Amino acid sequence: MILIKLGGSVITDKSQYKKFNKEQASRLCREIAESGRSVMIVHGAGSFGHVLAKQYAIQNGLVDFAQVAPAAMVHHDAMELGLLMTSELMAVGIPAASVAPGSCFVMEDGRIIVNDEEALRRLAHIGIMPVMFGDVVMDRKQGFAIVSGDQLMEVMARMFKPERIVFVSDIDGLYDSNPKTNPDAKLIPEVTPEVLANVSSEEDVADVTGGVRGKMEAMLRMCSPERDCVLMNGTVPGRLLELLKGNEVTCTVARM
Ligand code: IP8
């Protein structure tokens with residue numbers, strides 16, 4: 001099985017509140033179906049999560065009553081994106097169920113506590129892909145917290161032991177500086193903890209969960225000699241399909 005995170009930057013327009021990129025989401029789902037590979041998907045929240053979360057500092061936990069209604073709204077919006085994504089998957093013949101992370105997990109100081117795996121395992125067992133997404137969940141210490149799709153990837157990887165892990169983003173991989181602002185930025189084909197320590201970090205427009213650096217750190221935690229962990233660009237048509245077919249594509253591979 002290949003575990004894929006479809007980043008919020010590819011399935012939504014991150015600069016516009018709740019703007020679904022239906023065309024791109026649907027093409028990526030078609031590429032996944034066409035590959036014929038066994039796949040499990042986690043997705044980011046993009047502008048369905050980050051815009052309001054940032055505005056009301058939801059990532060800091062509950063510190064002010066004025067955050068309560070926006071926190072509920074972020075969860076509502078993330079669920080809406082979850083349904084849009086499972087509609088796209090079902091349209092290409094992949095039975096899928098959107099599962100809100102807060103229905104199986106709680107958090108403690110921003111760390112996920114997995115207290116119920118059964119529904120996820122049973123869905124996967126009968127051939128319905130459980131699709132988790134970045135969302136607001138309850139936190140034992142902070143009231144609520146944000147769980148990112150990247151953190152959920154680590155949980156799903158531990159639970160389902162994929163042979164390969166793929167992060168689909170809107171950049172070709174990790175660069176030595178921000179390719180959106182620096183035309184001389186160079187792609188790093190292979191990243192190790194030492195390489196990452198020397199990469200400059202400039203965060204994204206509206207990202208409350210750590211951007212590319214956070215993703216790379218998660219990737220380094222998940223890779224092993226037996227398991228590839230890859231960051232690639234899903235905005236290039238056909239690239240995900242090629243990667244899933246086992247062909248070489250432009251990307252960054254994480255290695256310990
Ligand atoms: O898009 C963030 O998840 P991500 C979730 O995977 C929210 O970073 C609600 C902002």
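Given the structure is predicted, the values throughout are model-derived calculations rather than measurements. Basis for what follows: all heavy atoms, side chains included, without hydrogens, waters or symmetry-related copies. Counting starts at 1 for both ligands and their atoms, following the listed order.
Of all the heavy atoms of Val74, the ones lying under 4.0 Å from any atom of ligand 1 belong exclusively to the side chain.
Taking a cut-off of under 4.0 Å to the non-hydrogen atoms of Gly149, the atoms of ligand 1 that pass are 3 (O), 4 (P), 6 (O). Of all the atoms in ligand 1, the ones that sit under 4.0 Å from a non-hydrogen atom of Gly134 are 3 (O), 5 (C). Here is the list of ligand 1 atoms found below 4.0 Å of a heavy atom in Gly49: 9 (C), 10 (C).
Listed for the Glu34 side chain is no donor-acceptor partner under 3.5 Å among the backbone atoms of Cys29. Although no hydrogens or angles enter the test, the distance criterion places a donor-acceptor pair under 3.5 Å between the side chain of Arg227 and the main chain of Met222.
Partner Pro130 forms a side-chain contact (heavy atoms from CB on, under 4.5 Å) with one of Val99, Thr86, Ile41, Val42 and no other, that one being Val99.
A donor-acceptor contact closer than 3.5 angstrom is absent between the side chains of Tyr56 and Asp64.
Not counting sequence neighbours, Phe48 has no partner by the ring-ring contact (aromatic ring centres under 6.0 Å, His included) test.
Around CZ of Arg122, the count of heavy atoms belonging to other residues, nucleotides or ligands within 6.0 Å does not exceed 12.
The distance criterion of under 3.5 Å between nitrogen or oxygen atoms is not met by Ser148 with respect to ligand 1.
Using a non-hydrogen distance threshold of 4.0 Å, His43 does not register as a contact of ligand 1.
Counting heavy atoms only, Ala45 comes closest to atom 1 (O) of ligand 1 of the residues Ser9, Ala45, Ala53, Gly8.
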